[in-house]
Amino acid sequence: MAIIANDIAYHGKFPLMFYGQDYMGVIEAYLGALFYHLTGGPSITALRLGVILLIGLFFIVMYRLTSLIYSQKMALITLAFLSFSTLSYVGRLVLATGGSAETLLFGSLSFLVAAYLSYTYERQASIRTRLLRLPGYLLFGIIVGLGIWSDMVGLSLYLMSTLLLVIFCWREIFIWGGWLIGLLGGAIGLLPTIIYSLQIGTSPIADLLGKAETPPINATAEQLSLWHKIVETFQVSLPTATSSPFCPVIEYPFMGDNTQRTLSCGIIQSSWSIGYVLLIIASIIITILALKQLRKNQEGLSALEQHKKRVIYVTRLCMLGAAILSLLIYINSAGPVNQPGYHARYIISLVVITPAILAPLYNAARHLRSELKWARFRLYGSRAILVALAVIFIAGTYIAFMEVPRAQAASDRREHLIKQLTALHVTYLYTDYWTCYNLVVATMNTKHPIICAVIDDQLSNKHNRIKSFEIAVDKSKRPPFMCAKDLSLTTKDTYNCLPEAAAQANKTNSKIGHYFVRHDLDGYVLYRAEPKS
């Protein structure tokens, strides 16, 4: 994303999709380019300011949405819980990886607009009023279109917010042309995807759906089973996505701690997920009962008041339905097959339904009927759970901040590696995926930029997002190979190229004499061709 932002800011490029991943938009890159100019140059901080802006807007939208369907107090409690969280959650809210911040913003905004249009709907409205409401459907379509362009992981949110609109505003949608206006808005939001599809001759959306269903090549039959996917979802993905700080599982060691999959951790994570699902069920039951109660006791309520209450309850149900749909889609995808921790980002949309998850606890914690022992137990039990959750999330935030020295050490290590490469006059090289683009970003727009191409453990080209880099390295004069000696710096299953590089260097040297020279750098080994003149 930093490279794309740099191309936009300083090279006059206007990309429509993420490099090498043509089913994701680049809003964060355009915001990053803006902040590059506002802050005086490219930096990771400037890039992340765009993400923080999106998250700030998400918090505002969540406050408005929660205030509308619950209360202002509930909105404040929701924001309080969203403000404290774990490293994996903070990473989703700060790192400019694309998709996550946009999903939270557009997903919550689609529900806010749909709820507002439903809330203000009048069956006997004048023609002028109905015409004035049509721009609302245009706005809704634009929001959904932008969300799908950015990342389709929020699809469940967009589907259920659309269902909410259809339930309450179907006359305006199907009779007054709301569907056409909404489709026009969706086309506007999806315009970058549409243009890109015409350019490449295929649909990025179809490509994404195909990848979501395609299992990893090395997956075993057991990993592809439905039971395995369910276990991985509930023991790893769901707790990670919903900010459980216990027993974190991040398959890539350079992204954070990776706890061993022990029995105790399995019990802890499963308990967290079971509790989460029980809260979803409780919230659904409470809302359905409230709807039934509204039908029975309509005396004293005007038709408008009844309508508004129905909208509130159905909005809650649609949000909870989005959570269930998101989990079902994820379980049936390739996400939980072999990297359930890393792929937990695919259910980031669960964050949007936070108020619906907290609502049963909040409602039980604020009402007391002193004559009933069960009511007293429910009151103090709910308060205890809320306090425990608050302590857990605060602890998760503390743990996340404890990672700052480690992150700083990694940054210092990378800077020292760059100095070593510069001293060796290395400009072009082959290396692993995770190292390559870090080096490119850290050195772009400097006097000694590094251009690299990605190789796997067989020294074959793999996952090169920017083909011009690959071509430049291939055409350069004897580009060296750099492989991680410290395997915590990369993914060893795919990018452990050191054994193959060493074997090839030794084989070449044994045939033609001293040709490849080994250089031990910070956590890496560089094999550079240094033929004697």
With distance as the sole criterion, is a donor-acceptor pair present between the side chains of [X] and [Y] under 3.5 Å?
X: Y23; Y: D151; value: no
X: D486; Y: S488; value: yes
X: S326; Y: S349; value: yes
X: D432; Y: T490; value: yes
X: D474; Y: Y430; value: yes
X: Y346; Y: S333; value: no
X: T435; Y: N438; value: no
X: S43; Y: T45; value: no

Please tell me if the side chains of [X] and [Y] come closer than 4.5 Å, counting only heavy atoms from C-beta onward.
X: Q504; Y: K507; answer: no
X: L521; Y: H519; answer: yes
X: R465; Y: I3; answer: no

- request: Applying side chain to side chain donor-acceptor pair (under 3.5 Å), run through Y330 and S237 and close with a yes or a no.
  value: CA-CA 9 Å; Y330 179 74; S237 301; 2.7 Å; yes
- prompt: Considering residues, nucleotides and ligands other than H11, do more than 12 of their heavy atoms fall under 6.0 Å from its NE2?
  reply: yes
query: Can you tell me if NZ on K485 sees more than 12 non-hydrogen neighbours from other groups inside 6.0 Å?
result: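 Buried by this count: over 12 neighbours within 6.0 Å.
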message: Set out, in order, the CA-CA distance, both residues' side-chain angles and the distance that settles salt bridge (Lys or Arg N to Asp or Glu O under 4.0 Å) for K229 and E232, then state yes or no.
response: CA-CA 5 Å; K229 291 181 178 181; E232 295 299 276; over 6 Å; no
message: Could you tell me if R518 sits above the aromatic ring of F516, with its cationic atom closer than 6.0 Å to the ring centre and no more than 45 degrees from the axis?
response: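 Not satisfied by the 6.0 Å and 45° rule.
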